[in-house]
Amino acid sequence: METLERILAEHLFFADLDQDFMSLLVGCASNVRFQAGAYIFKAEEAANTFYLIREGQVALEIFPPQHKPIIVETLGVGEILGWSWLLPPFVWKFHAHAVKEVRAIALDGKCLRGKCEENHDLGYEVLKRFARIMEQRLEATRLQLLDVYAVPR
Amino acid sequence: MATPATNDPMTPQPYCVRQVVKETHDTFTLALEPGNGSHVNPFQPGQFSMLWVFGVGELPISISGDPAKDDRLIYTVRSVGQATNTLVSQRAGNSVGVRGPFGAGWPMDAAKGKDVIVVAGGIGLAPLRPVIYQVLANRKDYGRLVILYGARSPKEMLYGKELAAWARQRDTQVLVTVDYGGLSWRGHVGVVTTLFKYARLQPARSIAVTCGPEIMMRFVTRELETQGLTPDNIYLSMERNMKCAVGFCGHCQYGPHFICKDGPVFRYDQIRPLLDKYEL
Amino acid sequence: MGGRSQAILEADRLGSLIEVLAHRGFDVIGPTLRDGAIVYDHIESVQELPAGWTDEQEPGNYRLKRREDQALFGYAVGPQSWKKYLHPAEVKLWSAERQDGAFRILNNENKPKRPYAFIGVRACELAAIAVQDRVLLQDKYRDPIYAGRRAGAFIIAVQCTQAAKTCFCVSMGTGPRAQDVFDLVLTELVETGAHRFVVEARSERGAEVLAELETSPATEQDLHAAEAAMEGARQQVRNIDTNGIKELLYQNFEHPRWDNVAARCLTCANCTMVCPTCFCTTVDDVSDVTGDHAERWRHWDSCFTLNFSYIHGGSVRTSGKARYRQWMTHKLASWIDQFGSSGCVGCGRCITWCPVGIDITEEVHAIREGESHGNS
């Protein structure tokens, strides 16, 4: 547990978090490992966990009908994987595919949801941090959409 | 009385096409040799030539080869219109007119002793390749080399084999990403700025050089600042309409700067206020 | 002014000046009347000068009017400037021929057969020539076409004795006295029964030519009369306050006045064509039907055209607002950073020849006014 706490505390995402909140989070954390090629979660499944990637690479995928999966983004070391656990309907929107072997810290989102409802201060701290991640992903996605390398018509 | 032209910056010299290599479906690399067997004019990384296609037109193309090799000039050209299409369709043995080299190049001297971060987008890797060649050939003059490259898709990546070779060099990190991965790409997917989190940077002792579409350079320079680089250690290569390349036609003006003479490479702090101006 | 000898040349002897120059191998260019305007063209005799004509100029308006006297240089400036000859509108840069995939460039003989002698160069025009010298001869590269035409050019300046309503050379520091470099300068004195020129040589060549003319020494009276005449040109209705103008325009990129002028500007490019310092050009590559003979031509171009700023994906300056702003900011501000002086010499041609009468002096004034109200 102590090692996990240190790892979490060092991560930017958890910076400036109150010690009590930190202990709460650590209480929901565990080490996990996924083999290369494994699916960490699939779209439509219930979303109850999020992950802090410590090693490896995860591809977010979507399956168009009758086609092979399309990768919309890849996430790597130090990134947070998954926010659908935070907001209703608590269901994953994409597949998360371990491209290489992935070692991560899994945080129990369901448990954390409950704690956030009980303690709104904790809830606010968690939402603030996830809002920043969403903003970064949204900006990156918009830039991807611009298709800047295409030949203009 | 018509006499063969002497070497002056307004008159093209006939160069001979030695080789045309297909890089992607619309991008080709040409190797040109001087017509009379002489040496090419020495060039600085970041400089460009005006390439003339007989009777069609003239194009500003960055020199993409090794500055240490003085027997030929290398250009990577994307076919986007009539002139570029004619240029990339040249066969070995044909003549192409060359004027130049022109412009202010990448800050190879200012970069000495520093880590060099190369951030390229799309065909922007072509004007940056001479930087990579020069750093790798003069390893002790420079610190670490970090190459971040974003392409539209795996099929539109340039210099794949060279990228792999560069990645194997000592003190060199190469990271590549695409906007669209397609069906078999297993590497990074996302805009080039998403690569920064994997890059091993020492911002305080780094200099960054970036080239690509203007929008891409804007978000890259923002990210470089977030990473801790100061604006006077970030350089970009700008582009505008160019007709003469010698500061007379007036077309390439960007604020008070002539891109053909004062650029195309600019230090970020000098043009930062201009980048935000719409229709400048 | 000390040490220079001034002489009197009778007006009816001015023709001899033209003859002497022609005899010395010069192609004499001077003002002449054509199509309702005073333009510059090859002249062979003094009869071709616009004797007794003056110009009345207003924004978007130019009319020739009869004078009460027969002054030969009694006007301000016409639509053309000497760049017509020094930086010609159309010139072939070179031609090339192709055989089996290889080509040869054949250099074109660009130099005119005879050097030019310009008669009637105003102070603002001398300043404009100096401005173009700086751009085309004294920067990183040298334009051989301009150099070839400029090198041998013999310049006869003419002191202005009246200003048009559109002139503002005083505020631009370029006149009304002829400064800069020239060979001879004439000041016209027209009185009842006496029509003469005070002539002064300002170069060795000028002195040599002057020596070939029948002149008499200028008296104190003559010199006083010349000074008095020149004072007339100092009365100017328009001006640009050039204090801090570079910063003013750089900092007011978003000033609402640009929208105001954009609503009027037709982007017709007249101003750039009549402006004596505008130097922008474009190149045209052409080939014949066989495809084996090619030529490259250079033409005047204007930042007002849509194509001027075209890069793949479209033009950078698509709106008329952006293009007017570019022209004015370049002329009055960026030029200072680029070449060390203003690009404007206060000749007023852009005001006169704008079909909708846009007045550059008024635009500067409006931006200054707007700035003091906190617009930025």
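Model, not experiment: these values are computed from the prediction. Every chain is numbered from 1 and lettered A, B, ... according to where its sequence line falls, protein lines coming before strand lines.
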Next on the checklist: Side chains of F308(C) and N241(B), heavy atoms from C-beta outward: is any pair under 4.5 Å?
Outcome noted: no
Item to check | Residue part contacting chain B, namely of Y250(C), when any heavy atom lies under 4.5 Å | outcome: both
Item to check | Side-chain ion pair, D301(C) and K243(B), N-O less than 4.0 Å | outcome: no
Checklist outcome for this item: When the 4.5 angstrom heavy-atom criterion is applied to D284(C) and chain B, the contacting part is neither
Checklist entry - Taking atom NZ of K111(C) as the centre, does the number of heavy atoms from other residues, nucleotides or ligands within less than 6.0 Å exceed 12? => result no
Checklist outcome for this item: When rounded to the nearest 0.5 Å, the distance separating CG of D285(C) from CZ of F54(B) is 10.0 Å
Checklist outcome for this item: Among H312(C), R142(C), H293(C), R98(C), the residue with the most heavy-atom pairs under 4.5 Å to chain B is R98(C)
Checklist entry - Hey, what do you get for NE2 (H257(B)) to CG (D337(C)), rounding to the nearest 0.5 Å? => result 8.0 Å
Item to check | Segment of Q90(B) engaging chain C (4.5 angstrom heavy-atom cut-off) | outcome: neither
Item to check | Residue part contacting chain B, namely of T318(C), when any heavy atom lies under 4.5 Å | outcome: both
Item to check | More than 12 heavy atoms of other groups within 6.0 Å of K140(C) NZ | outcome: yes
Checklist entry - CD of Q138(C): more than 12 outside heavy atoms within 6.0 angstrom? => result yes
Checklist entry - Is the closest side-chain heavy-atom distance between M10(B) and L93(C) below 4.5 Å? => result no
Next on the checklist: Ignoring hydrogens, what is the shortest heavy-atom contact between W94(C) and P12(B)? Give both atom names and the distance.
Outcome noted: CZ2-CD, 3.3 Å
Next on the checklist: Given heavy-atom pairs under 4.5 angstrom as the criterion, report whether the side chain, backbone, both or neither of V96(B) touches chain C.
Outcome noted: backbone
Next on the checklist: Does any part of the side chain of F253(C), heavy atoms only, come nearer than 4.5 Å to the side chain of L280(B), both counted from C-beta?
Outcome noted: yes
Item to check | Top of A322(C), C278(C), A333(C), S315(C) for chain B proximity - count of heavy-atom pairs under 4.5 angstrom | outcome: A322(C)
Checklist outcome for this item: Looking only at heavy atoms, the pair that brings A102(C) and S95(B) closest together is CA-OG, 3.1 Å
Checklist entry - Is Q44(B) atom CD crowded by more than 12 heavy atoms from other residues, nucleotides or ligands, each under 6.0 Å away? => result no
Next on the checklist: Heavy-atom pairs under 4.5 Å with chain C - which of P273(B), G255(B), G55(B), C249(B) has more of them than the others?
Outcome noted: C249(B)
Item to check | Under 3.5 Å donor-acceptor, H251(B) side chain and T281(C) backbone | outcome: yes
Next on the checklist: Test side-chain hydrogen bond (donor to acceptor under 3.5 Å, both in side chains) on E279(B) and S319(C); report intermediate values, then the result.
Outcome noted: CA-CA 8 Å; E279(B) 283 197 284; S319(C) 69; 2.8 Å; yes
Item to check | Leading residue by heavy atom contact count with chain B [cutoff under 4.5 Å; candidates T282(C), D100(C), V135(C), V283(C)] | outcome: T282(C)
Item to check | Stepwise side-chain contact (heavy atoms from CB on, under 4.5 Å) check, F248(B) with I145(C) | outcome: CA-CA 12 Å; F248(B) 292 146; I145(C) 295 170; over 6 Å; no
Next on the checklist: Please classify the contact of Q99(C) with chain B as side chain, backbone, both or neither, using a heavy-atom distance under 4.5 Å.
Outcome noted: neither
Checklist entry - If you count heavy-atom pairs under 4.5 Å between each of R296(C), Q326(C), R323(C) and chain B, which one has the most? => result R296(C)
Checklist entry - Which bit of D143(C) comes within less than 4.5 Å of chain B, counting heavy atoms only: side chain, backbone, both or neither? => result both
Checklist outcome for this item: Okay, D288(C) and chain B: the region with an atom under 4.5 Å from a heavy atom over there is neither
Checklist entry - Checking V17(B) against chain C: side chain, backbone, both or neither under 4.5 Å from a heavy atom? => result neither
Checklist entry - Which value, rounded to the nearest 0.5 Å, describes the distance between I311(C) atom CD1 and M242(B) atom CE? => result 10.5 Å
Checklist outcome for this item: Smallest heavy-atom separation, W52(B) atom then A96(C) atom, equals CH2-CB, 3.8 Å
Checklist entry - Rounded to the nearest 0.5 Å, what separation is found between the CZ atom of F258(B) and the OG atom of S334(C)? => result 9.0 Å
